[in-house]
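Okay, structure first, notes after.
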Amino acid sequence: MIERIADLLVATFASGMGVLGLLLALLFNLTRMDFKRRRRGPRRVKAHMVPKNDEYVTLTPERARVRRARAMQMEAEAAREEAARQESLKAREDERRIALALIFVPPGQRERYRQEWNAEMASLSAREASAFALQLLWSAPRTGAMLWLKRTFGRRPA
C-alpha cells in the first residue's frame, strides 16, 4: 500500500515537473523569438550605396568620401550652433540672477550695483560668471538688509 502511494506521488511529481519544464521551455523560446525579430536601430547600408528611385546605386569611392566629409562638416556645424545656443542660454540665466539680486538692493543704488556686477561678470569665464551670479543671488537679501540699515540709521560714531 505504501509502495503504491509512493509510486503515485512520484508519478504525479514527475508529470508536474514535466509540465513545468515544458512551460519554461515554451517561455524561453517565445522570448528568444521576440529578440530575433526585434531590429536594433536603423537598417545599415554601406557608405557607398545610396537610395535612388527605390534602388540602391553604387557611388564611386571619391564621391562617397565627399559625401562623408560633407556630412561630418554639417554635424560639426550643428554642434557649434548648439554650443553657442547653450552659451547664450547660460548668459541669459546669469543676467536673470543678477536682475533678481538687484531687487534686494535699495532703488537709489541699483544702477551702480548693476554696472559693478556686470563689469565683474565680464572679466570672468563662463563657469566662474555663473558661480558668481549664483553667489550674488544667494547673498543679495543680506546685502540689501545691510544697505537698508545703513541708509536708515546711518553711520554712528564709535
Side-chain angles (χ1 to χ4, degrees), residues 17 20-158:
M17 289 304 293
L20 184 61
L22 181 64
L23 287 176
L24 286 174
L26 285 173
L27 182 63
F28 180 71
N29 283 335
L30 285 176
T31 57
R32 280 189 51 215
M33 287 177 12
D34 185 38
F35 283 126
K36 283 181 182 176
R37 290 182 192 157
R38 188 179 308 164
R39 286 175 54 187
R40 297 178 189 259
R43 215 169 110 205
R44 298 191 184 268
V45 178
K46 292 182 181 178
H48 60 278
M49 302 289 287
V50 292
K52 188 171 189 178
N53 298 332
D54 295 331
E55 293 180 8
Y56 283 97
V57 179
T58 304
L59 294 178
T60 63
E62 180 60 31
R63 186 69 180 146
R65 277 194 294 277
V66 168
R67 280 191 178 219
R68 280 194 300 270
R70 189 180 309 146
M72 287 173 37
Q73 186 178 19
M74 290 173 62
E75 287 175 6
E77 181 66 28
R80 281 194 297 272
E81 288 176 2
E82 179 63 21
R85 189 180 73 79
Q86 290 294 329
E87 188 67 30
S88 173
L89 289 175
K90 196 65 156 167
R92 282 187 275 166
E93 181 181 339
D94 295 342
E95 291 171 6
R96 285 193 300 268
R97 286 178 179 166
I98 286 181
L100 189 58
L102 285 169
I103 291 173
F104 295 101
V105 176
Q109 299 177 357
R110 284 184 185 158
E111 188 57 35
R112 184 174 67 85
Y113 274 92
R114 179 191 315 269
Q115 291 173 356
E116 182 180 331
W117 289 342
N118 283 335
E120 181 72 26
M121 294 250 316
S123 68
L124 299 173
S125 68
R127 174 174 261 170
E128 292 170 337
S130 181
F132 177 73
L134 191 60
Q135 188 234 351
L136 276 179
L137 184 58
W138 183 257
S139 63
R142 184 183 65 220
T143 305
M146 287 183 354
L147 290 171
W148 179 80
L149 287 172
K150 183 179 174 184
R151 188 185 63 182
T152 304
F153 297 111
R155 281 204 169 142
R156 294 189 177 197

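Just so you know, residue 1 is the first one in the sequence shown, and it goes up from there. Just so you know, these numbers come straight off a predicted model, no measurement behind them.
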I'd like a table of donor-acceptor pairs (distance under 3.5 Å, sequence neighbours excluded) in which one partner is a side-chain atom from residues 116-125, with atom names and distances.
{"residue": "Asn118", "atom": "ND2", "partner": "Arg114", "partner atom": "O", "Å": "3.3"}
{"residue": "Ser123", "atom": "OG", "partner": "Glu120", "partner atom": "O", "Å": "2.8"}
{"residue": "Ser125", "atom": "OG", "partner": "Glu128", "partner atom": "N", "Å": "3.4"}
{"residue": "Ser125", "atom": "OG", "partner": "Glu128", "partner atom": "OE1", "Å": "3.3"}

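Using a 4.5 Å heavy-atom threshold, the side chains of Val66 and Glu62 count as touching. Counting only heavy atoms from C-beta outward, the side chains of Leu136 and Tyr113 never approach each other to under 4.5 Å.
Under the salt bridge (charged side-chain N to carboxylate O under 4.0 Å, His left out) criterion, the residue pairs touching residues 73-82 are Glu77-Arg80, Glu82-Arg85, with sequence neighbours excluded. Listed by first then second residue, pairs satisfying side chain to side chain donor-acceptor pair (under 3.5 Å) with a partner in residues 136-148 number zero, not counting sequence neighbours.
Checked by atom type and distance alone, the side chain of Arg97 never pairs as donor or acceptor with a backbone atom of Leu137 at under 3.5 Å.
In this structure, the separation between CG on Leu134 and CD1 on Ile98 is 11.5 Å, given to the nearest 0.5 Å. Atom CG in Leu102 sits 8.5 Å away from atom CD in Glu111 (nearest 0.5 Å).
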request  = Show your working on salt bridge (charged side-chain N to carboxylate O under 4.0 Å, His left out) between Glu95 and Arg92 and close with a plain yes or no.
outcome  = CA-CA 5 Å; Glu95 291 171 6; Arg92 282 187 275 166; over 6 Å; no
